[in-house]
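Computed from a prediction, not measured in an experiment: that's the story for all the values here. Counting from 1, the numbers follow the sequence of the chain as shown.
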Amino acid sequence: MIKLLDGEFTPWDIYSACVLAAYRSYDDGLCWLQTAGGMNAAPTAVLSLVDGFAILAVRDHPDWEELAAFLRMQPWSRLQCGAAIAEKLPFPVEWTSICLRFSQPKQADSAGIARANDPGEVYGILARCFPDMENRNDWMADLALRWRKGTAKSWVLDNTCTASALALTEHYAFLGALGTLPEARGRGLAGRLLTYIAGEMAGREVWLSCREELQGFYESIGFERAEDRITLKKETA
């Protein structure tokens, strides 16, 4: 049985934590859970859908046929999940990235690092790093909303490097929105900032995803490869 999520649940992995963070963040987002029993049974799968982007987490023998049929009816264009889940779904793979988990806490130098309190400061760095970033006002409004809801935090280092803890829950954090201005690269700023943030997330599992060619960099600052993260696309007739 699949129903709209109408209360919180206990996440069991980074994907289910992302769904819970979406549920806490977006009043107009849609989140569902699948159960194999009655109304109060533990979920076998959870799903979030925000602005056409879906995240799926499963556990304990979900009903794959029901999930696939339900997903075919929903208005998503991209869906992220673990590799084992993607193999069970009838949708093509758009791209694959690597998921890494922080495993080696290190003492980080906090000099020059400050919590960001202006979304424009974060966007200004990222827009110079990624010129194809669009929807400036929407992006900043979304980040500010997640700050208010407690599902994200952002930091800036020397006004040249930024990163955020996204999908932030009591036991999980997913790091992203990382960028260093071109003129400041090669000085180890990104590694120092990520190590500092991971330390600030004490008590939580800290995750991020990256392209395969960047795996060595993240391993050098204390992350270890955990699994592949798959982005599926929905083909329309």
Side-chain angles (χ1 to χ4, degrees), residues 14 17-18 21-22 24-25 53 80 97-226 229:
I14 189 61
C18 288
R24 291 174 172 177
S25 298
F53 181 80
Q80 286 193 340
S97 58
I98 297 169
C99 254
L100 301 101
R101 180 177 53 237
F102 194 67
S103 61
Q104 301 176 28
K106 299 179 180 179
Q107 187 69 33
D109 179 8
S110 63
I113 298 175
R115 274 279 300 275
N117 54 25
D118 177 5
E121 180 183 21
V122 177
Y123 183 90
I125 295 174
L126 293 176
R128 286 192 57 196
C129 298
F130 309 104
D132 58 346
M133 283 189 70
E134 299 178 351
N135 302 319
R136 176 180 184 274
N137 291 337
D138 290 345
W139 191 95
M140 291 195 301
D142 180 70
L143 183 62
L145 170 66
R146 286 182 284 156
W147 286 352
R148 291 197 304 272
K149 297 288 188 175
T151 56
K153 294 180 181 179
S154 302
W155 288 262
V156 173
L157 169 56
D158 291 339
N159 298 313
T160 59
C161 180
T162 186
S164 296
L166 307 169
L168 189 58
T169 69
E170 289 80 2
H171 302 293
Y172 293 90
F174 193 86
L175 304 189
L178 170 65
T180 304
L181 295 181
E183 63 269 23
R185 293 171 187 167
R187 293 159 43 190
L189 298 180
R192 184 154 69 88
L193 181 57
L194 289 175
T195 303
Y196 173 83
I197 295 173
E200 288 289 289
M201 297 291 106
R204 297 178 173 92
E205 287 191 24
V206 180
W207 292 71
L208 56 76
S209 67
C210 71
R211 303 187 305 274
E212 188 164 6
E213 60 266 28
L214 295 175
Q215 178 180 342
F217 163 71
Y218 289 109
E219 288 178 339
S220 73
I221 62 172
F223 287 84
E224 63 178 6
R225 183 168 183 165
R229 188 184 200 199

query: Do the side chains of Met140 and Val122 get nearer than 4.5 Å, heavy atoms only?
result: no
query: Would you say the side-chain atoms of Arg185 pair up with the backbone N or O of Thr180, donor to acceptor, closer than 3.5 Å?
result: yes
query: What distance separates Arg229 CZ from Leu100 CG, expressed to the nearest 0.5 Å?
result: 11.5 Å
- request: Show the numbers, then the answer: is there a side-chain contact (heavy atoms from CB on, under 4.5 Å) between Arg192 and Asp158?
  value: CA-CA 12 Å; Arg192 184 154 69 88; Asp158 291 339; 4.3 Å; yes
task: Measure across Cys161 and Ala190 and return the closest heavy-atom pair with its distance rounded to 0.1 Å.
output: SG-CA, 3.8 Å
- prompt: Roughly how far apart are Leu175 CG and Leu194 CG, rounded to 0.5 Å?
  reply: 6.0 Å
From CA spacing to verdict: side-chain contact (heavy atoms from CB on, under 4.5 Å), Glu205, His171: CA-CA 6 Å; Glu205 287 191 24; His171 302 293; over 6 Å; no
task: Give, for atom OG1 of Thr162 and atom CD1 of Ile197, the distance between the pair rounded to the nearest 0.5 Å.
output: 7.5 Å
field: Nearest atoms (heavy-atom pairs only) where Ala17 meets Thr169
entry: O-CG2, 3.6 Å
task: Might you point out which heavy atoms bring Leu126 and Leu178 nearest each other, and give the distance in Å?
output: CD2-C, 3.9 Å
message: What I'd like to find out is whether the side chain of Arg225 reaches to under 4.5 Å of the side chain of Tyr218, using heavy atoms alone.
response: no
field: Least distance between heavy atoms, Trp147 atom then Ala116 atom
entry: CH2-O, 3.7 Å
Which residues share a side-chain contact (heavy atoms from CB on, under 4.5 Å) with Glu170, sequence neighbours left out: Arg24
message: Minimum heavy-atom separation for Trp207 and Ala226, please, with both atom names.
response: CZ3-CB, 3.5 Å
Given Leu168, Ile14, Val206, the one that forms side-chain contact (heavy atoms from CB on, under 4.5 Å) with Phe174: Ile14
- prompt: When rounded to the nearest 0.5 angstrom, what distance separates CD1 in Ile98 from CD in Glu212?
  reply: 4.5 Å
4.5 Å side-chain heavy-atom contact, Leu181 and Ile125: yes
field: Nearest heavy atoms of Ser110 and Tyr196, plus distance in Å
entry: CB-CE1, 3.6 Å
Rounded distance (nearest 0.5 Å) linking atom OG1 of Thr195 with atom CZ of Phe102: 5.5 Å
Worked check of side-chain contact (heavy atoms from CB on, under 4.5 Å) between Gln215 and Phe223: CA-CA 9 Å; Gln215 178 180 342; Phe223 287 84; over 6 Å; no
